[in-house]
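Just below is one structure, and these are the notes that go with it.
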Amino acid sequence: MNKVLKNSWALFLGMGFLMMAYGFQSSLLGVRAVQEEFSLAATGFMMSGYFVGYFIGASTIPNLISRVGHIRVFAAFASLASLIILVHSIFINPYIWFVLRVLTGISMVCIYTVAESWLNDRSSNKNRGSVLSIYMVILYGSMGIGMFLLNFSSPQNYQPFILVSIITSVALIPILLTKKKPPTFKKIKGMPLKELYETSPFGMVSALFYGTIQSALFTLLAVYAASMNFTIFQISLVTFLLAISGAISQYPIGKLSDKYDRRKVIVISTFGASVFALFAIISSGQMYLPGELGTSKVWFFIFLILFSICSLPMFSLICAHTNDYIPKEKFVAAGAGIQFTFGLGAMSGPFFCSIFMDVVGSNGFFVFLLFFHALIGVFGVHRMRVRQTVENPDSQFVAMPSTITPAGIELNPTTEPIEEPKKPEEVQPVTNL
């Protein structure tokens, strides 16, 4: 572990600052949108721009990195991310913000790809699991801390936007000053969607639905809390609890999925998330009163934590379940395919969720989450009836953030490259002397 930290501390530190800025920015824009009285549909449309950009960048950035190189691409897009947040404070318009969110998504997927390629290059088969674990804890922990920065100043001021830009810029220093040469970038192709579906119908469908869920969850939770008259501190506390409790629950739920039928664990978890989303709706009945943290809000926090514990490990569970049905050498390609499918769902999540909220009211947020979690559970029950569980000794649960790129999926210790058999040495012909 000490060796991992010694070799990669600069990258971990830089990514920690970047995720701190990202967590702060997501909450800041959501609350500011409510204060500016953007319509819910416009807010959802604006917030979905990040995932549109992320999806576009995931397919185009690898080619750019191959042509220009890691350092130039990273510096350019990280600087762009720092600049974009400042433009938000100048042009207060949901449609302009949508374009800016698209550019932010492109920039962030570039940063993730470069950083995870570097981490993978610095890892060995013996410590890749440790590297991935530390990376995931830093991502979720830093994002949670960043959400507390919402208390720095009123979202209606320009100072919070400047602070996000400063933190993003600071993140570049340790990464760009790293001594080690950048890795040789290799493009990783995902499975064709048809092959992925034939291999694991439940894995692909649940990844699509879960992308819809998680994009709405992280982008609109602050919007929901603001519309329910939460104070700025309470909004930051809600978003912090979501990130941290979800990170903590990864390993215990993952170990259960290694011990029992993974599909049962997914089904129970997703139905559990639906139940706690319903309880959150019930507990929200008296939360419109501003002021102190009343009993109803305490129960809401409890149900949100339980919801997060059930919901946030889902991406890692889906990846592990998909790996149950494929050979080891295809784990990375399948992971890339799952990430692609997740991205397709993520692009629509905030917009559709905002429509639910517009029709049903603020609690349409949890109605949306309840509905899509239930869809995953129902489809999982159906798949357990038509297909037997397959024992794959190479497949095991590994906690991964849903933002991980194919380069990061390679950090999964179960994706160790299989050495090709050595070719027999050529026999030199004997010549007569």
Side-chain angles (χ1 to χ4, degrees), residues 11-32 47 50-51 53-54 78 81-82 84-85 101 104-105 107-113 115-116 119 132-152 155 160-161 163-172 174-175 210-211 213-225 232-251 301 304-305 307-309 311-316 342 346 349-350 399-405 408:
L11 284 169
F12 287 140
L13 181 62
M15 289 305 296
F17 277 115
L18 282 167
M19 291 308 295
M20 191 185 303
Y22 170 73
F24 184 16
Q25 178 181 354
S26 296
S27 298
L28 174 64
L29 294 180
V31 175
R32 181 65 181 268
M47 297 300 274
Y50 173 85
F51 300 96
Y54 194 99
S82 179
I84 288 169
I85 188 60
R101 292 284 288 171
T104 300
S107 301
M108 289 302 293
V109 75
C110 168
I111 291 169
Y112 288 136
T113 301
E116 290 166 9
L119 285 175
L132 181 59
S133 299
I134 297 172
Y135 179 66
M136 193 203 73
V137 170
I138 289 174
L139 256 59
Y140 279 112
S142 300
M143 185 166 57
I145 293 171
M147 291 166 176
F148 263 119
L149 294 176
L150 196 60
N151 297 278
F152 168 72
F161 295 90
L163 182 58
V164 174
S165 178
I166 291 173
I167 296 172
T168 303
S169 299
V170 169
L172 307 184
I175 296 178
Y210 190 64
I213 290 168
Q214 196 172 86
S215 62
L217 178 61
F218 275 97
T219 57
L220 295 181
L221 179 59
V223 174
Y224 168 82
I232 293 298
F233 173 75
Q234 290 169 0
I235 294 172
S236 62
L237 181 60
V238 164
T239 51
F240 172 80
L241 290 174
L242 174 74
I244 297 301
S245 55
I248 293 173
S249 67
Q250 296 270 341
Y251 288 99
F301 288 147
L304 179 70
I305 291 171
F307 168 86
S308 179
I309 288 172
S311 179
L312 259 61
M314 199 68 62
F315 179 80
S316 301
F342 176 92
M400 291 185 289
S402 58
T403 55
I404 201 161
T405 66

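Reckoned from all heavy atoms, side chains included, excluding hydrogens, waters and symmetry mates.
A donor-acceptor pair is defined here as one N or O able to donate and one able to accept, closer than 3.5 Å; no such pair exists between the side chain of S26 and the backbone of G23. Side-chain atoms of Q250 come within 3.5 Å of backbone N or O of L312 as a donor-acceptor pair. Between the side chain of T168 and the backbone N or O of V164 there is at least one donor-acceptor pair closer than 3.5 Å. Formation of a donor-acceptor pair under 3.5 Å by the Y224 side chain with backbone atoms of L217 is not found in this model. Remark: the backbone N or O of I85 is not paired with any side-chain donor or acceptor of S165 at under 3.5 angstrom.
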Side-chain polar contacts of residues 237-245 - donor-acceptor pairs under 3.5 angstrom, sequence neighbours left out - could you list them?
| unit_1 | atom_1 | unit_2 | atom_2 | d |
| --- | --- | --- | --- | --- |
| T239 | OG1 | I235 | O | 3.1 |
| T239 | OG1 | S236 | O | 3.0 |
| S245 | OG | L241 | O | 2.5 |
| S245 | OG | S308 | OG | 3.1 |

Verdict with supporting geometry, F315 and F342, ring-ring contact (aromatic ring centres under 6.0 Å, His included): CA-CA 9 Å; F315 179 80; F342 176 92; 5.3 Å; yes

Checking M47 against F218 for the side-chain contact (heavy atoms from CB on, under 4.5 Å) test, could you report, in this order, the C-alpha distance in whole Å, the side-chain angles of both residues, the deciding distance, and whether it holds? CA-CA 10 Å; M47 297 300 274; F218 275 97; over 6 Å; no

Please determine whether side-chain contact (heavy atoms from CB on, under 4.5 Å) holds for the pair V223 and L220, giving the CA-CA distance in whole Å, both sets of side-chain angles, and the decisive distance to 0.1 Å. CA-CA 5 Å; V223 174; L220 295 181; 4.0 Å; yes

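Taken from CZ in R101 to CD in Q25, the straight-line distance is 6.0 Å, to the nearest 0.5 Å. We find the OG-CG distance between S27 and L221 to be 7.5 Å, quoted to the nearest 0.5 Å. For the atom pair CG of L18 and CE of M143, the computed distance is 13.0 Å after rounding to the nearest 0.5 Å. Atom-to-atom distance recorded for F148:CZ and F24:CZ is 13.0 Å, nearest 0.5 angstrom. The CE atom of M19 lies 12.5 Å from the CD1 atom of I167; values are rounded to the nearest 0.5 Å. Interatomic distance, OH of Y54 versus OG of S107, reported as 12.5 Å (0.5 Å rounding).
Nearest heavy atom pair, residue I138 against residue G16, reads CG2-CA, 3.7 Å. Scanning all heavy atoms of the two residues, the minimum distance from S215 to T219 falls at O-OG1, 2.6 Å. Heavy-atom minimum distance, S311 versus Y210: O-OH, 2.8 Å.
If you look at Y50 and Y22, their ring centroids are closer than 6.0 Å.
Atom CZ of F161 sits in a crowded spot, with more than 12 heavy atoms from other residues, nucleotides or ligands closer than 6.0 Å.
When side chains are defined from C-beta on, Q214 does not count as touching F51, because their heavy atoms never get closer than 4.5 Å. Side chains of M15 and Y135 form a contact here, defined as non-hydrogen atoms less than 4.5 Å apart. The shortest distance between side-chain heavy atoms of I232 and P155 falls below 4.5 Å. For the pair M136/Y251, a side-chain contact is recorded, criterion being any heavy-atom separation below 4.5 Å from C-beta on.
Residues satisfying the side chain to side chain donor-acceptor pair (under 3.5 Å) test with R32, not counting sequence neighbours, are E36.
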